[in-house]
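What follows is a single structure, written as structure tokens, with notes after it.
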Amino acid sequence: MKEIIVTILRAAIARAQAQGKLSAAAASAPIVVEAPKDSAHGDAASNLALALARGEGKPPRAIATAIRDALVLPAEVTEATVAGPGFLNFRMAPAYWHQELKRAAAQGRSYVSPQIGGGRRVQVEFLSANPTGPLTVGHGRNAVLGDTLARLFAATGYRVTREYYFNDGGRQMKLLGESVRVRYLEELGRPAAMPEDGYQGEYIREIARGLQTNHGAALAENADPEIFVKAAVAAIFAEIKQTCEKLGVSFDVYTNELDLMRDGRVDAVMAALRERGLVVERDGAQWLAGEKLGLPKDQVLIRSTGEPTYRTPDIAYHIDKLKRGFELIIDVFGADHIAEHVGVIAALKALGYDTAPIRAIIYQFVTLTRAGEKVKMSTRKATYVTLDELIDEVGVDVVRFFFLFRKHDSHLDFDLELARRQAPENPVFYVQYAHARLASVFREAERAGLALPADAAGIDLTPLGSEELELARRAVAFPEVVAGAVADLEPHRIPFYLLELAGEFHRYYNKPANRIINPDDPRLSIARLLLARALMNGIAGGLGLLGVNAPDRM
RNA sequence: GCGCCCGUAGCUCAACUGGACAGAGCAUCGGACUUCGGAUCCGAGGGUUGGGGGUUCGAAUCCCUCCGGGCGCGCCA
């Protein structure tokens with residue numbers, strides 16, 4: 001639709017120029033066409049005349065009128081009017097919507113995904129939780145955001161690599177191993193002192209018990225600390241992967257810090273930074289020269305112990321990603337890591353890399369609410385709620401939908417009470433119910449001996465009224481919503497759109513006059529069934545992009 | 001103190017990235033068809049978009065400033 005309008009507008013500008021009604025400069029103006037939110041303003045609208053007003057030195061409405069007079073409308077467009085301050089509004093012919101509707105019905109749920117990727121390669125790095133404990137609710141937002149972005153890219157014709165990066169070389173790992181060792185000794189009846197920042201969770205004790213089962217008391221003395229670390233990492237990763245599987249989240253590649261350190265890429269980063277005079281030595285440690293990079297302060301790259309901080313491998317990792325030739329590199333992380341990311345990008349730039357392919361999607365924190373009360377989430381305390389527990393409590397569909405039902409910039413308040421409710425005020429069920437209803441209509445149609453012909457092309461859609469064309473218009477706009485969500489990395493637009501589409505359907509469905517199945521009027525019934533098919537494809541397709549089920553019965 | 005994000009209806013959040021009258025859900029109040037699923041629908045009240053200035057045809061959106069909240073400012077990640 002937008003393409004059609006842009007084309008005729010461009011032609012109209014040229015004609016108006018030939019008549020001397022517009023200046024030559026007008027041709028270079030970008031033409032923006034959008035679907036107005038209020039359908040009274042037509043099917044498509046352009047602010048072209050408003051945008052040109054300044055350059056042309058004429059009132060917007062006069063320009064709009066000149067353009068309208070120069071328009072030659074093709075058959076698909078029935079009307080072009082000047083409205084409001086100078087908008088050009090267009091109305092499409094019913095036949096246009098009929099054709100689009102048939103396409104949406106025939107293509108199945110994939111009609112919602114425009115093929116805009118062109119096979120370009122995208123890497124999405126997300127979750128990237130270090131194996132120090134079970135996934136938290138906050139990790140859940142990360143996992144669902146990253147996974148859904150990956151699904152969106154894959155569905156729209158990109159080649160996607162889903163990647164999980166974790167730090168297994170740093171101080172935290174030592175602390176983890178030591179925590180396990182302390183619990184292990186305790187299990188053997190030899191109380192030991194837990195390090196100050198040690199991991200206190202019950203899962204540490206379970207890992208320790210496992211070691212006791214397998215090794216008895218053999219690890220009590222002179223054991224390689226690595227044994228404790230490895231046991232912990234293996235056990236915790238197994239649990240993380242299980243939770244991800246439950247959530248419908250998967251990865252293609254796991255990358256770890258230790259490999260980057262062992263094969264010299266971290267050293268290479270240090271050498272390159274040093275070469276450019278970006279490393280200063282102080283207190284026995286190596287620092288990244290912050291001021292030279294426009295950073296607020298210096299940041300440690302190599303500790304005085306000679307071990308790198310997390311920062312240096314992270315730079316090496318991003319270099320690796322850039323070298324792998326992705327056209328788009330997405331980093332998904334929480335707001336607490338933003339300063340770190342800024343530092344990595346600054347370092348990459350200083351080393352001469354083009355960081356344009358890298359785009360960060362930074363989400364704000366998640367709070368849990370139950371009956372209006374905030375649920376405290378502390379790793380140390382017993383009030384700790386794991387992602388696993390959350391999924392068990394409310395189900396995968398609800399978890400995924402709720403995490404996506406906010407712009408990533410916004411704080412997310414997860415209302416457990418609402419999430420548990422299997423009722424209309426729960427948006428997940430509202431959308432799923434629309435799908436189940438539609439499925440039920442098709443079951444009913446079968447009983448009534450009505451079925452859509454395999455080839456939709458021959459179906460007569462002229463019985464559809466204006467209310468039905470409104471629904472069609474909404475359903476057919478879905479691919480543009482998806483395209484926008486991908487371009488701007490804003491998956492939240494999809495659940496919001498789905499809610500609107502489902503709402504419009506529910507309203508339509510509830511009017512007795514709109515009975516889809518009408519044995520007395522098979523022509524009307526078939527036309528409405530085609531509309532129903534398109535709506536069903538849209539809802540199922542949209543939920544599919546989110547990794548949420550579209551049930552036929554509830 | 002400095003940096004980033006946020007502030008929209010009583011609550012939780014949208015607003016197509018500068019467009020037309022700022023919209024949904026929850027909560028509150030009042031209603032609905034004897035046929036396709038009432039997990040639905042219709043209606044009502046509720047707003048100076050935190051305050052103030054600016055930019056322009058036009059601002060919730062951009063700029064400045066103040067107020068309030070979150071996160072960060074580790075030889076943790």
Side-chain angles (χ1 to χ4, degrees), chain A residues 32 34-38 40-41 45 47 49-51 53-54 59-61 83-87 89 128-130 132 166-167 170-172 175 197 257 282-287 295-297 299-305 307-311 314 334-340 342 362-365 367 369 372 405-407 409-415 418 421-427 429-430 432-434 436-445 447-448 477 480-481 484-485 488 490 492-493 496-497 499-500 503 505-518 525 532 553-554:
Chain A
V32 178
E34 56 181 30
K37 41 190 168 187
D38 184 349
H41 295 136
N47 65 346
L50 292 139
R54 183 200 281 271
R61 282 194 68 103
F87 287 100
N89 292 342
S128 294
N130 292 332
T132 57
F166 60 97
N167 301 98
R171 199 180 82 90
Q172 295 298 331
L175 206 52
D197 302 325
E257 183 183 43
R282 189 164 66 237
D283 305 330
Q286 318 272 326
W287 300 70
L295 301 173
K297 47 167 70 172
Q299 302 176 326
V300 175
L301 293 165
I302 306 286
R303 286 185 265 259
S304 52
T305 60
E307 298 164 305
T309 60
Y310 61 91
R311 186 172 291 116
D314 204 10
D336 54 337
H337 282 52
I338 185 159
E340 160 62 11
V342 169
I362 303 159
Y363 59 89
Q364 299 296 319
F365 282 2
T367 47
T369 307
F405 200 46
R406 292 286 175 266
K407 194 162 57 178
D409 254 353
S410 291
H411 287 270
L412 192 155
D413 185 35
F414 200 113
D415 185 341
L418 174 62
R421 230 177 297 169
Q422 310 233 334
E425 57 264 35
N426 185 333
F429 288 93
Y430 185 84
Q432 288 182 325
Y433 180 54
R437 263 186 156 175
L438 283 158
S440 155
V441 166
F442 279 96
R443 286 193 294 269
E444 194 62 31
R447 276 194 285 279
E480 281 173 28
V481 174
D488 296 337
E490 293 192 346
H492 76 277
R493 294 188 201 173
F496 277 100
Y497 168 86
L499 207 63
E500 280 173 25
F505 165 68
H506 282 311
R507 280 188 285 281
Y508 167 80
Y509 181 89
N510 243 64
K511 293 185 194 164
N514 291 336
R515 272 188 75 79
I516 293 167
I517 298 158
N518 240 306
S525 299
R553 294 172 204 273
M554 298 174 67

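All values below come from the heavy atoms of this structure, side chains included, with hydrogens, waters and symmetry mates left out. Every chain is numbered from 1, with letters handed out A, B, ... down the list of sequences. These numbers come from a predicted model, not from an experiment.
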### Task
For side-chain hydrogen bond (donor to acceptor under 3.5 Å, both in side chains), just list the numbers for Asp413(A) and Thr367(A), CA-CA rounded to whole Å, side-chain angles, deciding distance to a tenth of an Å, and then say yes or no.
CA-CA 5 Å; Asp413(A) 185 35; Thr367(A) 47; 3.2 Å; yes

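Atom-to-atom, NE2 of His506(A) to C1' of G25(B) comes out at 13 Å; the value is rounded to the nearest Å. Summarising the geometry, the separation between CZ on Phe505(A) and P on C41(B) is reported as 11 Å, rounded to the nearest angstrom. C36(B) atom P lies 15 Å from atom OH of Tyr508(A), rounded to whole Å. When rounded to the nearest whole Å, the span between CZ of Arg507(A) and C1' of G43(B) equals 13 Å.
Contact annotation: Ser525(A) side-chain N/O to C36(B) OP1/OP2 distance is not under 4.0 Å. Proximity of Tyr430(A) to the phosphate of C41(B): a side-chain N or O atom is located under 4.0 Å from OP1 or OP2.
Between His506(A) and Tyr430(A) the shortest heavy-atom distance is NE2-O, 3.2 Å.
Among the nucleotides G37(B), C41(B), A14(B), the one closest to the side chain of Asn510(A) is C41(B). Closest to the side chain of His492(A), from the set A15(B), G19(B), C36(B), is A15(B). Relative to the side chain of Asp409(A), the nucleotides A20(B), A39(B), C6(B) differ in distance, and C6(B) lies closest. Comparing A39(B), C36(B), G38(B) against the side chain of Arg437(A) picks out G38(B) as the nearest. In this structure, of U17(B), C41(B), C36(B), it is C36(B) that holds the atom nearest to the side chain of Arg515(A).
Using a 4.0 Å heavy-atom criterion, one finds that Glu307(A) contacts no nucleic acid atom at all. Within the 4.0 angstrom heavy-atom criterion, base atoms lie near His41(A). At the heavy-atom level, Asp38(A) lies under 4.0 Å from base atoms of the strands shown. Note on Ala445(A): nothing from the nucleic acid sits closer than 4.0 angstrom, heavy atoms only. The residue Arg447(A) sits apart from the nucleic acid: no heavy atom pair falls under 4.0 Å. Contacts of Tyr509(A) with the nucleic acid, taken as non-hydrogen atoms under 4.0 Å apart, include base atoms. Within the 4.0 angstrom heavy-atom criterion, base atoms lie near Tyr433(A). Residue Ala436(A) is in base contact, counting any heavy-atom pair closer than 4.0 Å across all strands shown. Counting non-hydrogen atoms under 4.0 angstrom, Ala434(A) reaches nothing in the nucleic acid. Counting non-hydrogen atoms under 4.0 angstrom, Thr132(A) reaches nothing in the nucleic acid.
An aromatic stacking contact between Phe405(A) and the base of C13(B) is absent, as defined here by ring centres under 5.5 Å apart and ring planes under 30° from parallel. Residue-nucleotide stacking is not present for Phe87(A) and G19(B), judged by a side-chain ring centre under 5.5 Å from the six-membered base ring centre and planes under 30° apart.
Between Asp413(A) and Ala35(A), the residue anchored closer to the 5' end of RNA chain B is Asp413(A), taking for each the nucleotide with the nearest heavy atom. Closest-nucleotide positions on RNA chain B for Asn514(A) and Val32(A) were compared, and the one nearer the 5' end corresponds to Val32(A).
Annotation: Tyr509(A) is in aromatic contact with Phe505(A) [ring centroid separation under 6.0 Å].
When Watson-Crick and G-U wobble pairs are counted only if both distances are under 3.5 Å, C26(B) pairs with G10(B). For G18(B), there is no paired nucleotide, since no Watson-Crick or G-U wobble pair has both relevant distances below 3.5 Å. Pair assignment for A39(B): none, as no Watson-Crick or G-U wobble contacts are both less than 3.5 Å. Under the Watson-Crick or G-U wobble criterion, with both distances below 3.5 Å, C4(B) is paired with G70(B).
Checked by distance alone, Asp415(A) brings no side-chain donor or acceptor within 3.5 Å of a matching partner on the base of U12(B). Put simply, the side chain of Asn518(A) and the base of C36(B) share no donor and acceptor less than 3.5 Å apart.
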### Message
Strictly under 4.0 angstrom, non-hydrogen atoms only: write out the protein contact profile of nucleotides 70-77 of chain B, one letter per nucleotide from the 5' end, B, S or -.
### Response
SSSSBBBB

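In this entry the base of U8(B) is anti relative to its sugar, with a glycosidic angle more than 90° from 0.
At a threshold of 4.0 Å, the pair Lys407(A)-Glu490(A) does not count as salt-bridged, since none of the basic side-chain nitrogens sits closer than that to a carboxylate oxygen.
Atom name P, nucleotides A9(B) and U61(B): the rounded distance is 15 Å, in whole Å.
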